[in-house]
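Heads up, the thing below is written out as structure tokens.
The figures here come from the full heavy-atom set of this structure, side chains too, leaving out hydrogens, waters and symmetry mates. Keep in mind the model is a prediction, meaning the values are calculated, not measured. Throughout, a chain's letter reflects where its sequence line sits, starting with A, and its residues are numbered from 1.
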4 protein chains.
Amino acid sequence: MSDNSARPRGGRPRRAGVGAAVRQAAEELIAERGYAGTTLDLIAQRAGVAKTTVYRRWRSKSHLAIDTLADLLGDPPAGIDLLSPITWLAAQVREPSVRRLLVGLVGEAGQDESVRAELRARIREPFTRHLVDEFGLSAPDVDLAFDVVVGALLHRLAMTGELTDTDALAVTDLATRLVFGR
Amino acid sequence: MSDNSARPRGGRPRRAGVGAAVRQAAEELIAERGYAGTTLDLIAQRAGVAKTTVYRRWRSKSHLAIDTLADLLGDPPAGIDLLSPITWLAAQVREPSVRRLLVGLVGEAGQDESVRAELRARIREPFTRHLVDEFGLSAPDVDLAFDVVVGALLHRLAMTGELTDTDALAVTDLATRLVFGR
Amino acid sequence: MSDNSARPRGGRPRRAGVGAAVRQAAEELIAERGYAGTTLDLIAQRAGVAKTTVYRRWRSKSHLAIDTLADLLGDPPAGIDLLSPITWLAAQVREPSVRRLLVGLVGEAGQDESVRAELRARIREPFTRHLVDEFGLSAPDVDLAFDVVVGALLHRLAMTGELTDTDALAVTDLATRLVFGR
Amino acid sequence: MSDNSARPRGGRPRRAGVGAAVRQAAEELIAERGYAGTTLDLIAQRAGVAKTTVYRRWRSKSHLAIDTLADLLGDPPAGIDLLSPITWLAAQVREPSVRRLLVGLVGEAGQDESVRAELRARIREPFTRHLVDEFGLSAPDVDLAFDVVVGALLHRLAMTGELTDTDALAVTDLATRLVFGR
DNA sequence: ATGTAACCGAGACGGTACGTCGGGTCTTCAA
DNA sequence: TTGAAGACCCGACGTACCGTCTCGGTTACAT
């Protein structure tokens with residue numbers, strides 16, 4: 001979805017399908033073994049690609065992970081009411097691969113501003129922009145709602161390892177009220 | 001605060017002050033350099049202790065970090081109203097050392113159930129128990145409020161690197177309403 | 001045979017049998033696992049004794065090993081001819097426990113003069129003295145013969161891991177001729 | 001001289017000079033501080049190379065030492081008489097670096113068959129082959145002579161820490177007679 | 001056709017941290 | 001004083017992973 005695909009001038013063109021294969025491998029492996037437990041060598045191997053190739057397209061493991069995650073999330077659904085995109089977000093976080101990617105990335109973000117920036121631009125902003133455009137909400141409010149939903153669910157997961165429907169519901173309710181009540 | 005204390009009998013007693021010195025060193029270093037940037041060798045060195053001594057008392061870097069964090073947090077204040085402990089919690093999360101410890105630990109928690117368990121027992125449970133005893137609230141509700149506050153703030157931090165007063169306030173409000181409104 | 005048994009003045013007397021038990025444990029373990037593969041903790045454990053006790057009686061692992069070895073070798077037989085003590089020596093070296101003790105000790109000797117001295121005094125000198133007294137040979141000659149027999153056989157063992165009768169015979173012959181032919 | 005050379009195809013080629021630099025560092029350090037007193041970290045550092053690089057080329061400290069020793073020994077001189085290679089061998093053993101390498105390796109050999117095998121193939125066999133080819137001697141006899149010379153001198157060194165000319169001469173005499181007298 | 005420039009696979013390399021192991025010392029309590 | 005128990009210091013071990021680098025060889029597109 002963006003291993004910066006723009007490669008205008010000469011030279012051998014990039015092999016098609018490599019980007020997808022690598023993201024796919026990363027997603028699977030991280031879902032299976034967690035973020036830290038997944039090696040770039042491993043990813044490259046499963047994707048049938050050399051490690052160099054991965055590093056040519058992505059700056060680091062974190063950036064590959066962000067890209068994988070963005071690809072995995074896709075766009076929020078174009079629903080009629082405000083609740084549906086928030087519910088969709090919560091559902092996404094409950095997916096094991098999304099969750100483990102997020103948890104790993106939050107860890108990295110603490111260490112590295114460029115990861116934070118990328119995370120904002122590639123993950124949160126699309127969501128926010130969607131709600132702003134669709135429902136005319138204020139961007140800061142939606143950002144906060146995003147952080148509340150993702151953060152709370154992630155942290156719950158980090159604490160207990162699982163997440164009940166009731167909890168997810170409570171949090172989405174909360175976030176919805178947050179956006180409304182301003 | 002608990003690198004385990006009750007030891008049977010016999011043998012050279014543990015050197016007094018080692019636990020405190022190591023926690024102190026860990027706290028400082030993690031505040032300065034972040035969780036991942038802090039080595040056990042470094043901690044041991046600053047604490048004036050051999051690395052093996054650290055590993056004798058704590059199973060791993062994560063467990064030392066949890067212990068350090070628990071020690072750092074202390075008990076929530078015995079306030080009269082329900083708001084104060086939640087505000088206190090938010091304030092704690094905004095402390096650089098607490099925050100960096102938490103961020104690091106949330107990352108590890110994804111990988112390791114024993115870290116999750118320890119995190120629940122040493123960090124969240126004391127808070128919850130306090131609110132339950134003091135105000136007669138339901139434990140699951142308080143747990144959730146804890147996860148919302150800590151998770152949301154942490155995630156906001158992970159996304160932006162900073163945290164405004166307004167945001168912190170919004171989140172504490174939310175959590176308070178959550179506990180009430182059930 | 002000499003964990004320096006002289007303990008004149010007051011205090012609790014040494015427990016009888018400890019010396020023998022430790023030597024026994026050391027011998028067995030080194031025969032089974034080699035010198036380097038044998039830990040002092042292991043020895044103490046098998047001897048049913050605390051590590052401290054071992055270190056109170058012997059200066060170091062090497063010195064315990066030398067003592068064990070001396071005990072194990074005993075005195076050369078009071079034979080009538082000169083050949084028999086040399087043959088006896090060769091036979092001793094072929095014993096697994098003796099061999100592994102020797103190999104380990106030779107390694108340590110390279111690093112530590114006190115080990116060398118002890119080795120001379122406790123292992124080689126008794127042998128030499130015996131041949132000097134019994135057959136009126138010159139001490140330096142016998143010392144050399146000792147070094148040739150033990151050294152050659154040990155080195156053969158180090159190279160091949162085993163030792164045939166013919167080789168052993170050839171070496172003893174050689175050494176005998178050496179002592180004679182001067 | 002052989003941290004293995006023939007590599008298949010592809011990949012970044014090994015940096016030239018690394019092998020020599022590491023062997024050189026190992027030789028110097030072991031001559032200065034003895035086998036056991038020499039760390040792989042130290043060797044790597046002095047060679048200006050990462051520790052991982054050393055471990056990539058040599059299986060262990062022992063194998064590096066064998067390689068260093070083989071490199072150091074070189075080939076026996078192409079003399080006209082049988083005495084000269086044996087004298088050469090004795091002279092080599094008296095070199096501090098050779099001696100300390102050998103002593104260390106003999107110790108390891110007791111623990112590890114792969115070290116024994118390597119020692120035979122890289123150290124003893126070249127010597128033996130030379131004498132067999134040059135003088136038509138039987139390989140087992142020369143092997144034995146090798147073990148007698150090296151073993152006896154090493155053991156003498158282990159016992160006394162030094163080695164006089166007379167002793168060295170006596171041993172080479174012995175070994176020469178051994179090869180002849182069969 | 002030929003040059004150029006980017007691609008890819010393979011794998012060496014530097015660097016840093018990890019957690020473990022073993023020798024030897026020290027400290028306390030009990031005998 | 002001895003012994004048991006076990007904490008402690010020190011220093012080395014070998015492994016793992018990240019991200020960089022250097023090859024040989026390949027593949028379009030522009031000249």
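Judged by closest nucleotide on DNA chain F, D/Arg59 is the one of D/Arg59 and A/Ser62 placed further toward the 5' end. Nucleotides of DNA chain E nearest to D/Arg56 and B/Asp41 differ in position, and the one nearer the 5' end is that of D/Arg56.
Legend: residues meeting side chain to side chain contact (heavy atoms under 4.5 Å, CB included) with D/Ala158, ordered by chain and number and at least two apart, are C/Val106, C/Ala109. Applying the side chain to side chain donor-acceptor pair (under 3.5 Å) rule to B/Ser60 yields the partners B/His63; only residues at least two apart in sequence or on another chain are considered. Residues passing the side chain to side chain contact (heavy atoms under 4.5 Å, CB included) test with D/Thr38 are D/Leu29, D/Ile30, D/Arg33, D/Ile43, sequence neighbours excluded. Contacts of A/Ala20 classified as side chain to side chain contact (heavy atoms under 4.5 Å, CB included), with partners at least two apart in sequence or in another chain: none.
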Exercise for the section: For each nucleotide in nucleotides 26-31 of chain F, reading 5' to 3', give B when a protein heavy atom comes within less than 4.0 Å of its base, S when such contact involves only the sugar-phosphate, and - otherwise. Expected result: BBS---
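Contacts between residues 47-55 of chain C and DNA chain F, defined by a heavy-atom separation under 4.0 Å, are made by C/Gly48, C/Val49, C/Ala50, C/Thr52, C/Thr53. Residues of residues 33-40 of chain C having a heavy atom closer than 4.0 Å to DNA chain F: none are found.
In this structure the side chain of A/Leu105 never reaches within 4.5 angstrom of the side chain of A/Ile123, judged on heavy atoms. No side-chain heavy atom of D/Asp67 sits less than 4.5 Å from a side-chain heavy atom of D/Val22. Side-chain contact between A/Ile66 and A/Trp58 is absent, with no heavy atoms from C-beta onward closer than 4.5 Å. Residues A/Val49 and A/Arg15 form a side-chain contact, since some pair of their non-hydrogen atoms from C-beta on lies under 4.5 Å apart.
For residues 45-54 of chain D, the pairs satisfying side-chain hydrogen bond (donor to acceptor under 3.5 Å, both in side chains) are D/Glu28-D/Arg46, D/Glu32-D/Arg46, with sequence neighbours left out. Listed by first and then second residue, the side-chain hydrogen bond (donor to acceptor under 3.5 Å, both in side chains) pairs that reach into residues 98-112 of chain C are C/Ser62-C/Glu108, C/Asp112-C/Ser114, sequence neighbours excluded.
Comparing F/dC13, F/dG3, E/dC7 by their closest approach to the side chain of A/Arg14 singles out E/dC7.
A close approach under 4.0 Å does not occur between any side-chain nitrogen or oxygen of D/Arg15 and OP1 or OP2 of F/dC23. At the phosphate of E/dC8, OP1 or OP2 sits under 4.0 Å from a side-chain N or O atom of A/Arg57.
Between the CD atom of A/Glu108 and the P atom of F/dC17 there is a distance of 15 Å, given to the nearest Å. In this structure, the NZ atom of A/Lys61 is 17 Å from the C1' atom of F/dT20, given to the nearest Å. Taking atom CH2 on C/Trp58 and atom P on E/dT25, their separation rounds to 15 Å, with Å as the unit. Rounded to whole Å, the distance from CD on A/Gln45 to P on E/dA10 is 11 Å. One interatomic measurement links the two molecules: CG of C/Leu42 to P of E/dC21, which rounds to 13 Å at whole-angstrom precision.
Scanning both residues, A/Gly110 and B/Val103, for their nearest heavy atoms gives CA-CG1, 4.5 Å.
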